[in-house]
Each structure stands twice: as C-alpha cells, then as structure tokens.
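To start, I am sharing the structure in question, which I have written as structure tokens.
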2 protein chains.
Amino acid sequence: MKLQQVSAVKMFDGMQYVYQHESESVNGKMNVAVYMPPQAESTAVPALLWLSGLTCTEQNFITKAGAQRAAADLGMAIIAPDTSPRGEGVANDEAYDLGQGAGFYLNATQEPWANHFQMYDYVVNELPELIEAELAVDGRWGISGHSMGGHGALTVYLKNQQRFSSCSAFSPIVAPAQVPWGQKAFGTYLGDDESTWQQYDATALVLAGQTSDSEILIDQGKADDFLADQLKTELFADACFRAGQKVNIRMQAGYDHSYYFISSFIDEHMAFHYQNLTVS
Amino acid sequence: MKLQQVSAVKMFDGMQYVYQHESESVNGKMNVAVYMPPQAESTAVPALLWLSGLTCTEQNFITKAGAQRAAADLGMAIIAPDTSPRGEGVANDEAYDLGQGAGFYLNATQEPWANHFQMYDYVVNELPELIEAELAVDGRWGISGHSMGGHGALTVYLKNQQRFSSCSAFSPIVAPAQVPWGQKAFGTYLGDDESTWQQYDATALVLAGQTSDSEILIDQGKADDFLADQLKTELFADACFRAGQKVNIRMQAGYDHSYYFISSFIDEHMAFHYQNLTVS
C-alpha cells in the first residue's frame, strides 16, 4: 500500500479516510481524503474526484459539503485531494492565491515551482491510478470542483474524457487566462508566453474544439462576490454556445461563493454524476 | 432589534444567519447562529435549540452537521448559540474544558465565574424569548446538543418542559457529577458542596423524579473515545429504567465522538423533533 492511513472515521455507514502518500508527480507527500460508501465493502463502486478551491486542504470538502450522505445512498466513492503539495521544501508565496494551497491543477514550467507544482499530472493520472490500484473503485470516474477546483474539473475533463466521463462544477473560474486570479497564477507558474496558458483555460479549450458529447453541469451563485471579476461565467456560456458544447449553467439567485452554497446543491451533483456513470 | 446581524448566507433556499446581541444573563455579548428555513418567509415555524460541546462556538454545528437540509425540508428553525460568553473581560482558563468555550449550561455561583457564566438562564429563558420576539418562530421548541451540549439539552429539558417539548442528544455527558469533565467544571463553577451539582446532572434529576412523559432520543457511538470515562451512557439508561423515563438510547457501532457521527444521524433527530412538535 502506498496510501498511508492518517485517519478513519465512520460516517453514514461508510468510512471517511484521510491518506498520505508519496507522489512522483509532485515529488513529495500528498494528502487525500477518501469517502468509501458502505456498498464498497462488497463491490467496487464508481468514484467522484473533487478538486477544491484556493486555500483549501483535503479537509474542507469532507467537513463542510455534506456530500457523504448522497454518496452513501448512491454507492459512490469521493476522492478529495489537497490543492497542492506542502511543507518546508515546497516553494510558497505569502499570498493566498499562489503557491501552497493554490496549485491551479496545472504543470508548472517556471522556477521555483516546476519541481513540485505538477498538480495536473497528479490529478489526471497518478491519483486515479493509485486509487484504482488500492481501493474498491471500479474505474468509472466523474470529476467536479469549486472555484479554482471548478477550473480544474472543467479543464481536466475536457482533455481526459477517456478517464472522466462526467463533469460538473460549482462557481468555477471558467476563463482563467482572462481574470486576475488566473493571470497571476499562469504568469507565475507558466511564464509570460500566454499561448501556454490556453491548455489550462476551459473557455479557450472549448473554443478550440476540445468539447465533449456529454452535458456539463455548472451551479453559480448570483450573489457570489467573485462572479463579476474572477469567475465570469458568461464567457464559458458563450464559448459553449458557439462550440456546440452542451452545458447546463444554473445561475442560483441569492447564493454566494461559500460551502453553504455547495452543500445546498451537492446532492443534485452527486445524482448527476451517478446517472452519467451508471446509465449507459 | 437586539439581534445584530453578523452574517447572512443563503442555504437550502433559507438563510443561515449569525447574530450578536447583548445578554443580560451573561452580562456581555453572545453570538448565536440561526438557520431560518424558506417556510419562515410566510409563517412562523417551530425551532430546535442546539447546544454545542466543549471548545465549540456558534460555528461548529452550522458548518459541519448538515442539519439545514432537513430543517429546510421540514420547515424548522435551528438556534445554535456559542457555548459561553467570550472576550477580555470574561474569566477564562487555559484548559479546553473550563472557562470560555466550556460554559456547561449552568449558573455559576463561584468567583471569578459568577458574573458571566450564567448559561443556564441564557439558554432556558433569555435566548428563546429573544428569538421569539424578533424572528418568525412560533414558540414550539425542541432541544438537542452534543457532548457537553447533550448534558445541557437533557438537564434543561427535564426542568423546563413548559418551554421545551422534545429532547434528543448526541454523545451526552449524562452524569457530570460522576465523571472528570463534570466534576472539574461543577467544582469550579458551583463549589465543593456537591448537593448543588445535582440540579445540573441528568442522571440525578431523573432519579429524583424529574422526568417527562415524552421519549428522549439519544445516539451514542460505541467507538467514542470518551464513552467509558466521561459519558457513561449506561448510568442514564439505568436511571431511566428505574425512574420509568422513556428513552431510546441507540448505541451506534463503529461511530466516534465527531461531527461525522452527528451528521450521519442528524436527519433522524430533526424528524424526531418535528414529529414531536407538530403532531399533537
């Protein structure tokens, strides 16, 4: 076992684990939270990969979103990794939106980041393969996430449909190359050549024809303080319309950017993924 | 309005508020979290008073328990106060189980605690009356809580059935006068005369005939690290048997003392209270 158990707590008749493991991709230790539903005791189950947002660890989603109830009902595993490698040897920045806790699900090419900040490879390949090798999951994967993690879910999904067959997002950064959070991160991790940014920009990917046949589900709060400047959901809506990408963008009146918003709609996302993954 | 709004976030089509207000009982400011379900926009609703455990603030329950979904479904408000007054002028102790965050839902008689640590009066009278005066609740109250808050729920309920008509608890300290947490707190807040402790001990109250006609619901994890030394559920079970108090104590295999346990069964507690409060 590469997965070393950090904690194990019973929840909804299943188990909420936190594991730590050595990651080749990020050249260091990674923490990952795993919820295994009760059905996994007797059979392998489909899994949802959840990518968290800025400043989050593997703890936020499993503590605040309330997704385990639906996971136990449906029989789905939830895999929620930390948002970056951490520790003394890992490059960092004092800002909340750069460095540790802000990996942006890309492969950094610039120093001092390139050595550890390879979160794209980690979430696309290494982590799913490790989970499939060591836990009772059956290889059917959905992907979702929040904010920076919504950006991760959309971009990873669009480019890796051989692995992920269902995608949703909460409050995603849909066009990072066009907004301050993304421009700062991409400029730092990828350098000034903006042509290298497009591979990690969901709006650019869709406009370049990197689409899927399956409908993507997005929930976005209309009272989200980051909507106008950082999220710009309309850019992705327009790109999907032009590219023929099916997307169900639900602009939710009154909801903000918090986990209170996520918890309000996570059951519907769990059902969406379960439906996509199990009904062929 | 005495309730000053600290935050307001939409959740499950209702609103999760945090308020602060001046409390006469505790002679200082108190924080209280209030979830108002969508039904409260058009009609007054029944309410659950939730009492949290050691070290908790008004935040823990509303962030981690996932109770708002059921509250929105049923049409119940949730009132979750902080576990003590706080701040520079309030007596404190370095230990996690004494002073700020450890009010034990009693009226302290000893110095330096008596001035602010009057949490019994606060949760029994001042807080419910304030909530009824200023928010759309209809005067039907249930009470529940966790650990120290489970102790609070049981003792407050047994002595105040004119206000609270339904009681449940998670992992309650059922016999504080007989366990280290309670002995430390009662000795400090109430003094060495152990006869004064009995009024705040659920097991002693039931044995003294302070019972109710309604069944009490208790969930207790069998893998709870505090069960053997601090919770001692069997003492309350025995007292209820002897006193003829109806109680449904569910010893849940594999579950621990955490909010993961609470979240696994909170829906059933919400339904229990709703049933008790609305079916006459």
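Every heavy atom of this structure was used, including side-chain atoms; hydrogens, water molecules and symmetry mates were not. Here the structure is a predicted model, which means the values were calculated and not measured.
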Margin query: Applying side chain to side chain contact (heavy atoms under 4.5 Å, CB included), can you list everything that pairs with A:A40, at least two apart in sequence or on another chain?
Written below: A:M36, A:P37, A:V45, A:A136
Donor-acceptor table for chain B and chain A, threshold 3.5 Å:
{"unit_1": "B:K10", "atom_1": "NZ", "unit_2": "A:A253", "atom_2": "O", "d": "2.7"}
{"unit_1": "B:F12", "atom_1": "N", "unit_2": "A:S264", "atom_2": "OG", "d": "2.8"}
{"unit_1": "B:D13", "atom_1": "N", "unit_2": "A:Y255", "atom_2": "OH", "d": "2.7"}
{"unit_1": "B:A253", "atom_1": "O", "unit_2": "A:K10", "atom_2": "NZ", "d": "2.7"}
{"unit_1": "B:Y255", "atom_1": "OH", "unit_2": "A:D13", "atom_2": "N", "d": "2.7"}
{"unit_1": "B:S264", "atom_1": "OG", "unit_2": "A:F12", "atom_2": "N", "d": "2.7"}

Next item on the list: Pick one of side chain, backbone, both or neither for A:I262, based on which atoms fall under 4.5 Å of a heavy atom in chain B.
Entry: neither
